[in-house]
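For reference, the structure is listed below as structure tokens.
Since the structure is predicted, the reported quantities are computational estimates derived from the model, not experimental observations. Order of the sequence lines sets the chain letters (A, B, ...), proteins ahead of strands, with each chain counted from 1.
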Amino acid sequence: MSDSSTRPLTALDSARLRLPEKPALEGLEATWISRWEADGVYRFDRSRPRVEVFAIDTPPPTVSGSLHVGHVFSYTHTDVIARFQRMRGKAVFYPMGWDDNGLPTERRVQNYYGVRCDPSLPYDAAFVPPTTPGKQAVSVSRPNFIELCNRLTAEDERVFEHLWRSLGLSVDWSMTYATIGTRAQRVSQLAFLRLVKRGLAYQVEAPTLWDVDFKTAVAQAELEDRELPGAYHRIRFTLAPAEFIEIETTRPELIPACVALVAHPDDPRYQPLFGRSVTTPLFGVPVPVKPHPLADPGKGSGIAMICTFGDVADVTWWRELSLPVRAVIQKDGTLGPVQWGSPGWESADPDRAQRHYDELARLSAAKARAKIVEQLRASGDLVGEPRAISHAVKFYEKGDRPLEIITSRQWFIKTIELREELLRRGQELQWHPPYMRARYENWANGLNGDWCVSRQRFFGVPFPVWYPMGQDGRADYEHPIAPPEEQLPIDPSTDVPDGYRMDERGQPGGFVGDPDVMDTWATSSVTPQIVCGWPDDPDLFARTFPMNLRPQGHDIIRTWLFDSVLRAHLEHDSLPWTNAAISGWVLDPDRKKMSKSKGNVVTPMALLEEHGSDGVRYWAASGRPGTDTAFDSNQMRVGRRLAIKVLNASRFALASAEPQGRISAGVDRAMLRNLAALVNEATEAFEDYDYARVLQRTETFFWRFCDDYLELVKGRRYGEQGADGAASANSALTAALSVMLRLFAPFLPFVTEEVWSWWQSGSIHQAPWPVPEELESLLLDNSDVVRQSEQAIYDWAAEVLFEVRKQRSEAKQPLKIPITKVIVKADAANVDRMRLVEADLRAALRVRAFETTVGDPREILVQGYDDPPA
RNA sequence: GGGCGCUUAGCUCAGCUGGUUAGAGCGCGUGCUUCACACGCACGAGGUCGGGGGUUCGAGCCCCUCAGCGCCCACCA
């Protein structure tokens with residue numbers, strides 16, 4: 001008959017107690033991981049109402065190889081909070097996702113199997129990938145390619161889950177999702193179609209950021225600057241015979257794409273030219289000179305050429321000045337064919353233009369640049385020599401060549417007109433740490449276009465639309481065909497819209513599927529909706545959304561966090577979660593961001609095996625929210641030592657922990673008073689997401705508990721001062737142990753669970769978070785006066801311990817030689833305290849007698865030692 | 001160019017709303033097989049809290065300024 005329902009957790013049930021002979025950390029992970037799974041310790045209880053749920057929008061790690069130490073770091077932070085909330089009585093909703101869609105997986109599959117996706121090929125059900133990738137990539141159909149993606153990611157996900165379990169993440173493993181999975185596809189497509197219906201998503205043919213190697217549009221959020229060598233080329237345009245205007249450009253190969261020159265409206269040098277026309281060198285194209293405030297009189301010659309398109313400024317000018325398009329860069333990054341003299345390509349001398357251009361056509365932008373410089377030099381239009389500079393160039397973050405801006409048909413989600421509303425959402429969101437909000441606001445304020453969400457890639461969520469084909473064989477993009485919501489998800493490249501037949505695909509009068517897939521962030525930005533069951537499980541959704549916490553890294557504030565806020569704002573007119581906890585980076589010891597390659601030198605699994613999961617978690621949890629933290633295996637060793645100490649101290653506390661009884665002794669009461677104060681502080685810090693502080697304070701208390709308190713009560717708890725004294729010590733020991741284990745439990749889930757199992761029932765991770773009342777009910781009198789005076793005993797005892805130990809150490813007297821007498825002079829309050837703790841001090845310090853008097857200044861003096869035994 | 005963060009012992013970091021001689025761990029040194037723990041215990045030596053100025057009875061904490069490091073953002077012809 002268990003008494004666990006009524007027995008306080010601070011009390012000992014000797015019938016249950018089972019102490020190991022020699023406690024050890026080895027094997028705890030394996031034991032408890034399977035027990036937790038078998039007992040469903042972390043299972044989400046979906047019967048609980050919203051207020052009792054704590055819902056976490058866990059980042060789905062990218063399944064593109066392996067997890068590294070940075071993942072271990074930040075996922076531990078989340079888990080620590082999850083465990084705290086669970087102990088606070090919350091039903092923790094803590095699913096795990098895998099981000100397996102998108103380019104990283106495509107690349108990995110290509111390399112792993114030696115294949116290449118060719119969407120024009122038919123599905124081959126019998127296809128088997130080569131056992132070892134050959135030199136020549138094998139072309140496979142899109143469905144075959146996706147099968148391989150699914151196969152490889154499934155393997156990766158098993159490895160990931162194993163690591164997460166080993167680390168002790170208290171995820172509910174019955175609730176996992178994949179961003180390429182059916183559920184994620186359904187939510188992504190459904191949310192998208194609803195935006196289309198409301199006019200918040202649209203497609204348009206417009207200049208977009210383009211990666212020429214991946215041959216896909218990309219979004220502003222995926223850009224990064226890279227510093228590259230370049231050169232200013234000073235080039236002359238013809239104003240009139242023998243009259244020239246000089247411009248400077250870093251991209252002379254775009255001269256054939258020039259559509260205008262632009263200068264600042266207030267620039268007196270160029271004011272007379274506004275409205276006039278100049279002629280481009282080599283190609284003889286007449287282009288207007290236009291005023292625009294964006295032009296910087298201080299840059300170069302103060303007048304710039306506008307090309308379609310060299311950079312985003314060109315797009316702005318082109319749009320605002322209503323200029324024509326004269327595009328030369330193609331989707332593969334080469335210069336395309338041009339018929340000079342044809343409409344749009346008017347030239348004063350078409351033959352000369354064609355001669356020059358034919359040398360450039362089919363060259364990459366970089367090669368064309370070298371070529372055109374030769375041509376300009378030969379024609380005399382290059383003024384001076386190119387001046388080498390180093391400048392920032394925009395790249396797709398995963399790309400190898402500079403971005404181009406290319407006109408293409410793409411899907412967009414409206415963001416620009418929502419800027420103010422999104423900034424308000426950012427204010428509404430609670431950020432941990434608060435200063436991370438600035439990054440969100442920087443980003444929102446810097447947005448210069450709507451979010452391009454379509455990608456010309458394969459392994460992703462397809463756009464769930466088809467287009468009718470006219471009799472002329474052209475797709476009618478203005479009238480997309482959407483499936484009914486209940487049919488989602490669909491793949492328009494294999495599924496057929498209602499009212500059409502399979503054989504009408506691609507036929508005049510038939511239909512064609514949208515060939516593109518969504519930006520991976522378009523799926524990731526609805527992870528709250530995916531995990532919370534929107535819209536198919538309204539009951540779950542009502543219990544979990546808006547969620548409580550989004551944990552993530554600061555590098556993806558502008559993507560994942562921002563996009564998620566946008567999507568929830570659009571779809572639900574709310575934040576997706578109330579709190580965002582931003583983790584820092586893991587840095588190399590030399591202060592650089594720990595790269596994946598370096599992180600893989602020490603694999604997470606090897607770390608867990610070497611230092612124990614609790615040891616690694618200790619290191620991770622000491623990194624405060626938002627703060628970059630150095631990779632430090634030394635800290636992991638410290639964490640491991642702490643876990644071992646927990647084992648040993650617990651064994652001591654529980655061995656011969658009877659009799660139990662009233663807690664009357666001064667140090668016992670003092671220790672528990674201080675512990676109660678710690679519980680208050682820890683709870684407050686945890687509620688503020690300052691887990692690192694909780695760990696640090698708890699650890700400090702615990703070491704002092706071991707070094708001072710345990711030494712003080714050692715003799716008494718074995719009965720040296722009688723049964724009452726022993727009972728007091730034993731009851732205080734078990735109470736303190738119970739509370740400290742629970743304070744440590746979120747950080748050191750394995751060792752605390754192990755010790756808990758020696759003497760308690762159930763999992764510590766389902767036990768209630770400690771409250772001061774548990775301890776105060778044992779201390780009976782809790783008036784402020786008593787509370788404060790008792791708390792101070794602990795410091796006094798520690799001071800005497802320290803002083804006497806110091807003097808013994810300086811005198812080089814071994815502990816086995818008793819101290820004959822210690823003189824103590826102190827104020828009246830401490831003299832009173834001395835009476836309460838003297839017996840414990842005598843035992844702990846091997847002091848035969850204290851001579852305590854009121855006096856000033858305070859003095860603690862060892863008077864002499866017994867003679868050493870003959 | 002705009003913004004954010006950081007700069008405290010050899011190393012990694014705490015120092016909450018300003019209050020007595022600035023803290024911890026690691027490392028280092030000395031000593032100790034003390035009946036939970038040698039994966040241990042005790043003690044010790046290490047800091048003009050980045051520089052300068054200011055506010056205050058009082059500043060590592062507040063203000064100004066300079067310097068260095070890191071990051072975010074920016075239409076960088």
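With respect to Arg640(A) and Glu26(A), a salt bridge is recorded, a charged nitrogen being found less than 4.0 Å from a carboxylate O. A salt bridge links Arg716(A) with Asp840(A): at least one charged nitrogen is closer than 4.0 Å to a carboxylate oxygen.
To the nearest whole angstrom, the two C1' atoms, one in C37(B) and one in A59(B), are 43 Å apart. Comparing the C1' positions of G47(B) and A22(B) gives an interatomic distance of 8 Å, to the nearest angstrom. Taking atom P on both G51(B) and C39(B), the two are 42 Å apart, rounded to the nearest angstrom. C61(B) and U21(B): their P atoms are spaced 16 Å apart (whole Å). Between U34(B) and A24(B), the two P atoms lie 27 Å apart (nearest whole Å). Straight-line distance between the P atoms of C13(B) and A67(B): roughly 25 Å, to the nearest whole Å. When the C1' atom is compared between C32(B) and G70(B), the two are found 46 Å apart, to the nearest whole Å. Comparing the C1' positions of C49(B) and U7(B) gives an interatomic distance of 10 Å, to the nearest angstrom.
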Scoring nucleotides 14-25 of chain B by protein non-hydrogen atoms under 4.0 Å (B base, S sugar-phosphate only, - none) yields SSB--------S
In B/S/- notation (B base, S sugar-phosphate only, - none; protein heavy atoms under 4.0 Å), nucleotides 35-44 of chain B written 5' to 3' is BBB-BSSSSS
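For the pair Glu397(A) CD and C72(B) C1', the computed distance is 14 Å after rounding to whole Å. Taking atom CG on Leu587(A) and atom C1' on G70(B), their separation rounds to 9 Å, with Å as the unit. For the pair Trp560(A) CH2 and C72(B) P, the computed distance is 19 Å after rounding to whole Å. When rounded to the nearest whole Å, the span between CH2 of Trp317(A) and P of A77(B) equals 9 Å. Taking atom CG of Leu223(A) as the reference point, atom C1' of C76(B) lies 13 Å away to the nearest angstrom. When rounded to the nearest whole Å, the span between CZ of Arg319(A) and C1' of C75(B) equals 11 Å.
A donor-acceptor pair shorter than 3.5 Å cannot be found between the side chains of Gln807(A) and Gln813(A).
Note on residues 643-653 of chain A: no pairs pass salt bridge (Lys or Arg N to Asp or Glu O under 4.0 Å), not counting sequence neighbours.
Across all strands shown, Ala313(A) has heavy atoms under 4.0 Å from sugar-phosphate atoms exclusively, and none from any base. Residue contacts for Thr249(A): at a heavy-atom cut-off of 4.0 Å it reaches the sugar-phosphate backbone alone, with no base atom in range. Within 4.0 Å (heavy atoms only), Ala692(A) reaches no atom of the nucleic acid at all. Using a 4.0 Å heavy-atom cutoff across all strands shown, Asn448(A) reaches sugar-phosphate atoms only and no base atom. Here Lys816(A) lies in heavy-atom contact (under 4.0 Å) with sugar-phosphate atoms only.
In this view, Phe705(A) and Tyr709(A) satisfy the ring-ring contact (aromatic ring centres under 6.0 Å, His included) rule, not counting sequence neighbours. For Tyr618(A), the ring-ring contact (aromatic ring centres under 6.0 Å, His included) test picks out no residue, with sequence neighbours left out. Among residues two or more places apart in sequence or in another chain, the side chain to side chain contact (heavy atoms under 4.5 Å, CB included) test is passed with Asn448(A) by Gln220(A). With sequence neighbours excluded, the residues satisfying ring-ring contact (aromatic ring centres under 6.0 Å, His included) with Trp318(A) are Phe309(A). Here Asp708(A) pairs with Arg704(A), Ala798(A), Leu801(A), Arg805(A) under the side chain to side chain contact (heavy atoms under 4.5 Å, CB included) rule; sequence neighbours left out.
In this structure, Glu253(A) CD and Thr250(A) OG1 are separated by 8.0 Å, a value rounded to the nearest 0.5 Å. Rounding to the nearest 0.5 Å gives a distance of 6.5 Å between CG of Leu654(A) and CG of Leu12(A). The CH2 atom of Trp431(A) sits 9.0 Å away from atom CE of Met436(A), with the distance rounded to the nearest 0.5 Å.
Applying the 90° cutoff around 0 to the glycosidic angle, G46(B) is assigned syn.
In terms of modelled atom types and a separation under 3.5 Å, the side chain of Arg808(A) and the main chain of Pro814(A) share a donor-acceptor contact. Arg550(A) places no side-chain N or O within donor-acceptor distance of the main-chain N or O of Ala580(A), the cut-off being under 3.5 Å.
Ring geometry, Trp443(A) versus Phe562(A): the interplanar angle exceeds 60°, so the pair is classed perpendicular (tilted spans 30 to 60°).
Asp296(A) contributes no side-chain N or O that forms a donor-acceptor pair with the base of C75(B) under 3.5 Å.
Heavy-atom distances under 4.0 Å link RNA chain B to no residue of residues 382-389 of chain A.
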Check the pair Phe73(A), Trp619(A) against ring pair (Phe, Tyr, Trp, His ring centres under 6.0 Å), reporting the backbone distance first and the verdict last. CA-CA 8 Å; Phe73(A) 180 68; Trp619(A) 160 75; 5.3 Å; yes
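Taking both residues in full, the closest heavy atoms of Ala729(A) and Asp668(A) are given as N-OD2, 3.2 Å, listed atom of the first, atom of the second, then distance.
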Name each donor-acceptor pair under 3.5 Å that joins a side chain in residues 254-266 of chain A to protein atoms two or more places apart or in another chain, with its distance.
unit_1: His264(A); atom_1: ND1; unit_2: Asp266(A); atom_2: N; d: 3.1

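Helical stems of RNA chain B (runs of at least 3 Watson-Crick or G-U pairs, donor-acceptor distances under 3.5 Å) are listed by first residue: B:1-7 with B:67-73, B:10-13 with B:23-26, B:28-32 with B:40-44, B:50-54 with B:62-66.
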Distances under 3.5 Å only, N/O to N/O: pair up the protein atoms with those of nucleotides 4-7 of chain B.
none

